[in-house]
Amino acid sequence: MTCRAAYLAMLLALTVVLGTWPVRAQVTTRSVRGLVDQCHSVEVLDKFLPVDSLAIRPPLSDSVRSAVMIAMVGSCKIISDTQSAVPLGDLGRWFEVELLGVSDSVTIISPLALDTAYRTTTYQMVVPIEADTVVVDSVVTTRQWNGSFGGVVMIRADSAIAFKGIIDVSGLGFAGGLRSANAGDCGLIIPCDRAGSGLSGGKGSSPLRPDSLCRSGHRPWASGGGGGDAHNSGGGGGGNASRGGRGGDEYHCGTVNGMWGMPGTGIINESADRVFLGGGGGGGHQNNSVATDGAPGGGIVMLRARKLIGDTVRLQSIGASAIASTRNDGGGGGGAGGTVLVDACSSVSPISINASGGRGSNVDHLHGPGGGGAGGFVLLQPALMQLGPGSLRVDLSGGQSGTSNGLPLYTNGASGGQRGRILARCPFVVPHSVQIDSISLVGDTMTIDLVTNDSTSSCKCIVEHTITVEGQGASALTLGTQLFMDVLLTTRVTWPVITFTALVPSQRAFRIPVLTVLSEDTTINVRSTSGLYGVTADQQCLWNGAEHAVRLNVCGFPARQVMIGIPIRIQVTVSPLREITCEIETGIAAEASVRIYDAIGSLIEVHPDVIMGPPPARSVESVRFNASGWPVGIYFIVVRTSQGTRSIMIRL
């Protein structure tokens, strides 16, 4: 029987034997505190994709209708021992799973298209704590990752998550490497070894599948720190969002130094769609039974709600520190910070997140201290990254290395972990489209339109657009910094380039006016880029913008055909009583119109019929406007004739 046929048969049997699953009663408010058990091991029973049959332990309650499956351990591409690891396949991803039923300890789920390496990937199932409002009451934590399940706290609220306490998964991530047995001569260099030989400390655990032939030695196990080699070198710090710190050098014994425990690598997570436990620190080498083990990394926190309320939102996923001090053996490395993911649109409370790395062990002089753990990942809904000053505090610092007992500045080569990363979840933002007409009449106002593509279902955030308008045929109708309701527009002119910087809410459209003027240059080039406002480049959310070419026309004809030698001169004066006099001088017979625009391109007044005298005599005509009631600002006077157009800018 095929997997699909077996699936249909099982559903039929479940309908007969079990009937329909009971629906979870709606819970308005749910309080959580203390130790929560949400995590379950997963055994994938299918031999072929898609996956629809799982063995889940401990078994799920009949009331559970949906859960999240996370790929915890799998494959990484290690470019080198000193560069970042690239997660492959499903590693680090999470999948929404619909649970259809259970029979004979087999849980049936909606078909799930996993990566083809699913047979060798370790997944776990996490059942979210769900309600309209979830109250974090006191300390909320969970069990440490044990190689099959654990290390994750997940809360989902339809309305809000209210904080009276703290969520703390510090030290619940990948385990640290064990210190070596008592053995090993000086000067050994051991990248890989079976655990227990005594020649090198154990490697810290990581998302990379373990290899029984390489459980100890100085080379890192992806984000797990390498162990210290003989004689008494320190273990490397665990990695996550960046590299850990290296362990201290071995006790030299009068010989050439061997190898230290290398730092756990960083993990590349540019799209912010994967979550990882913090890597464990490497174990120190010993021959006097006093070395220390590497420390575990931080766990994973995943929150989803419309808003966060209550007291300070406190979330911790700190890498554990190795035992503070040993004596004349190698020290263990600190664990890396874990991952904190917050998917919420707003917070009425300050947010404090700590995903820092742990410290390495101290040792006696000339022995190898442990390296510090790296900082972890903080993945945020972009709107949260634009909270006001003091509303969001994030600690991603790397842990310090151990030092020599009594000599706090002497590390014997050990180093601290690198800083972690805060990333915006960019797919939650849909930037504006920049649109502009390809043809514009000289003297008219062309518009650069920022068209919103966002929907009301996503969080409102501020997008920063930088738009450059290059060409002698363009003139700015805005100057300096101006506020248009909830849009802030800054205009800088370095002729012939105009640069607009617009801060625009993602759900708001906006229009920038630009005057087209008479010039020998008949093309205006418009280029744009955009990004999430207030977020640095290494935090993502940058979008390549559009590029447009606008062709100028006069009276429906290409401007270049009528540009040369247009016999029109304009002189404008403004009296103390704010009467504008516009003198138009020409040597041709022509009808002209005079228009006045304000700084944002609105037509203020028109004098439509100005008759210019026939040649050879030169004709000077005057047109007057009473501007006594006009606001202070910038105005553009545009004179249009059948022979061409001239414009001039004035200030009132």
Side-chain angles (χ1 to χ4, degrees), residues 1-11 14 21 38-60 64-78 85-128 145-152 154 156 173-174 205-211 222-223 240 267-277 299-300 302 304 338-339 341 343 377 379 425 427:
M1 181 180 292
T2 65
C3 182
R4 181 66 49 220
Y7 165 65
L8 294 173
M10 187 172 293
L11 277 184
L14 287 171
W21 275 35
Q38 303 174 261
C39 303
H40 305 256
S41 70
V42 170
E43 179 185 356
V44 179
L45 302 178
D46 299 272
K47 294 183 178 180
F48 305 101
L49 289 171
V51 166
D52 53 33
S53 302
L54 305 174
I56 299 177
R57 299 180 184 86
L60 299 177
V64 177
R65 302 301 301 272
S66 63
V68 174
M69 195 161 78
I70 306 176
M72 304 296 295
V73 178
S75 299
C76 278
K77 179 181 179 181
I78 309 299
V86 180
L88 301 177
D90 290 339
L91 184 56
R93 290 188 177 134
W94 68 94
F95 304 87
E96 303 285 345
V97 178
E98 182 183 1
L99 304 169
L100 303 179
V102 62
S103 177
D104 296 330
S105 300
V106 175
T107 300
I108 306 303
I109 66 173
S110 55
L112 197 61
L114 303 179
D115 181 76
T116 54
Y118 69 96
R119 299 290 294 171
T120 57
T121 298
T122 300
Y123 300 89
Q124 74 163 320
M125 191 73 72
V126 181
V127 180
W145 169 254
N146 62 8
S148 297
F149 59 91
V152 180
M154 183 182 298
R156 294 182 169 184
F174 290 118
S205 297
S206 77
L208 182 61
R209 288 191 304 272
D211 180 351
S223 60
N240 192 5
I267 298 176
I268 293 177
N269 187 22
E270 298 298 341
S271 61
D273 63 350
R274 303 180 189 238
V275 291
F276 301 97
L277 300 169
I300 296 171
M302 301 177 72
R304 187 173 73 189
T339 299
L341 184 153
D343 183 5
F377 284 106
L379 314 178
R425 302 188 65 203

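This structure is a prediction, so every number in the text was calculated from the model and none was measured.
- A 4.5 Å side-chain heavy-atom check between V44 and L54 finds at least one atom pair inside the cut-off.
- A donor-acceptor distance shorter than 3.5 angstrom exists from the side chain of D115 to the backbone of A117, with no hydrogens or angles considered.
- Once rounded to the nearest 0.5 Å, the distance linking OG1 of T116 with CG of L49 reads 7.5 Å.
- The two residues T121 and G74 come nearest to each other via the heavy atoms OG1-CA, 4.4 Å.
- Among all heavy-atom pairs drawn from L99 and A67, the shortest one is CD1-CB, 4.3 Å.
- For the pair F276/L91, a side-chain contact is recorded, criterion being any heavy-atom separation below 4.5 Å from C-beta on.
- Taking the side chain as every heavy atom from C-beta outward, P207 and M72 never approach each other to under 4.5 Å.
- At least one donor-acceptor pair under 3.5 Å links the side chain of Y118 to the backbone N or O of F48.
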query: Given F95 and L114, is the side chain to side chain contact (heavy atoms under 4.5 Å, CB included) satisfied, shown in steps?
result: CA-CA 9 Å; F95 304 87; L114 303 179; 4.0 Å; yes
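- D90 and Y123 share a side-chain donor-acceptor pair at under 3.5 Å.
- Nearest heavy-atom pair, S53 versus V106, reported as atom, atom and distance to 0.1 Å: CB-CG1, 4.1 Å.
- Listed for the Q38 side chain is a donor-acceptor partner under 3.5 Å among the backbone atoms of M154.
- Residues R209 and V73 have side chains in contact (heavy-atom distance under 4.5 Å, counting atoms from C-beta outward).
- How far OG of S223 is from CG of N240: 6.0 Å, rounded to the nearest 0.5 Å.
- In plain terms, the two heavy atoms of G150 and C39 that are nearest each other are N-CB, 3.4 Å.
- The side chain to side chain contact (heavy atoms under 4.5 Å, CB included) with M125 is formed by just one residue from the set I56, T107, V68, I70; it is I56.
- Atom CD of E43 is separated from atom OG of S148 by 10.5 Å, given to the nearest 0.5 angstrom.
- Residues satisfying the salt bridge (charged side-chain N to carboxylate O under 4.0 Å, His left out) criterion with E98, sequence neighbours excluded, are absent altogether.
- Once rounded to the nearest 0.5 Å, the distance linking CG of L112 with CG of D52 reads 9.5 Å.
- Shown here are the salt bridge (charged side-chain N to carboxylate O under 4.0 Å, His left out) partners of R274, two or more places apart in sequence or in another chain: there are none.
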query: What do the steps show when you test Q124 against V126 for side chain to side chain contact (heavy atoms under 4.5 Å, CB included), and what is the final call?
result: CA-CA 7 Å; Q124 74 163 320; V126 181; 4.2 Å; yes
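- Under the side-chain contact (heavy atoms from CB on, under 4.5 Å) criterion, S205 pairs with F174, A175, sequence neighbours left out.
- Rounding to the nearest 0.5 Å gives a distance of 7.5 Å between CD1 of I300 and CE of M302.
- Applying the side-chain contact (heavy atoms from CB on, under 4.5 Å) test to R425 and every residue at least two apart in sequence or in another chain returns W94, A272, L341, D343, L379, F428.
- For the pair H40 (side chain) and P58 (backbone), a donor-acceptor distance under 3.5 Å is present.
- Remark: I78 engages C76, A85, A222 in a side-chain contact (heavy atoms from CB on, under 4.5 Å) (not counting sequence neighbours).
- Atom CG in N146 sits 8.0 Å away from atom OG in S41 (nearest 0.5 Å).
- R119 is linked by a side chain to side chain donor-acceptor pair (under 3.5 Å) to nothing, counting only residues two or more places apart in sequence or in another chain.
- The closest side-chain heavy-atom distance from I267 to P87 is below 4.5 Å.
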